[in-house]
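Each remark here refers to the structure printed beneath this line.
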Amino acid sequence: MRIVIGLASNTEDAPEQMRKAMEWIKDTFNSCKFSEVYITDAERGATGNYHNAVAIAYTSLSCEETVRLFKEYEINAGRTPDMKPLHIVPIDLDLVICDRTVLRPADMASEYFMKGYREVTE
């Protein structure tokens, strides 16, 4: 099953967070392709700029299992619920498309996602 993943981080160590997340994705899923990491302005009250990337990968896991893995990774990378109101995002892994189904239409409509998505689908 083909999956499309949005990655983001807005902490001081964002380049390292992104590098580690991309390595984890390569180790966890098959046939991975990544966009370059790019910087976008903060949105929705967040502070600081975001480092973003998009990945395409393949898995035999269900959509639900994949999201569960992403949430576990985020927690292991230091993301906690108390960070959300402060808009601190050590790492964010979003399953945007799962087996041709768009799970996050708002991401598909945003430039912060589409920049990387265009790159990996060209």
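The first residue of the sequence shown is numbered 1, and numbering continues consecutively from there. These numbers come from the heavy atoms of this one structure, side chains and all, not from hydrogens, waters or symmetry mates.
- S9 places a side-chain N or O within 3.5 Å of a backbone atom of P90 that can act as its donor or acceptor partner.
- Here the shortest heavy-atom pairing between P15 and H51 reads CG-NE2, 3.9 Å.
- Remark: side-chain polar atoms of Y117 are not paired, donor with acceptor, to backbone N or O of V54 under 3.5 angstrom.
- Considering CD1 of I88 and OG1 of T80, their distance stands at 8.0 Å, rounded to 0.5 Å.
- Between E74 and K71, at least one side-chain N (NZ, or NE/NH1/NH2) sits under 4.0 Å from a carboxylate O, which counts as a salt bridge.
- Pairing each heavy atom of R104 with each of L95, the nearest pair is CD-O, 3.5 Å.
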task: Given side chain to side chain donor-acceptor pair (under 3.5 Å), test D107 with Y112 step by step and report yes or no.
output: CA-CA 8 Å; D107 286 350; Y112 68 79; 2.7 Å; yes

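- Residue F70 is tested with L7, L93, I75 for a side-chain contact (heavy atoms from CB on, under 4.5 Å); the sole match is L93.
- In terms of the ring pair (Phe, Tyr, Trp, His ring centres under 6.0 Å) criterion, F34 has no residue partners (sequence neighbours excluded).
- Qualifying disulfide (SG to SG under 2.5 Å) partners for C98, counting only residues two or more places apart in sequence or in other chains: C63.
- The heavy-atom pair separating V89 from A8 by the smallest distance is CG1-O, 4.1 Å.
- Within 6.0 Å of CD on E16 lie more than 12 heavy atoms contributed by other residues, nucleotides or ligands.
- The minimum heavy-atom distance between Y73 and K20, with the atom names listed, is OH-C, 3.3 Å.
- A distance of 9.5 Å separates CZ of R68 from CG of L61, quoted to the nearest 0.5 Å.
- Partners of E12 according to the salt bridge (charged side-chain N to carboxylate O under 4.0 Å, His left out) rule, which considers only residues two or more places apart in sequence or in another chain, do not exist here.
- Applying side-chain contact (heavy atoms from CB on, under 4.5 Å) to N49 and the options D41, T40, N10 leaves one that passes, D41.
- Contact record, M18 with N52: CE-C, 3.6 Å, taken as the closest heavy-atom pair.
- Ion pairing between a basic and an acidic side chain is recognised when a charged N comes within 4.0 Å of a carboxylate O; E122 and K33 show no such pairing.
- The shortest heavy-atom contact between Y38 and A53 is CE2-CA, 4.0 Å.
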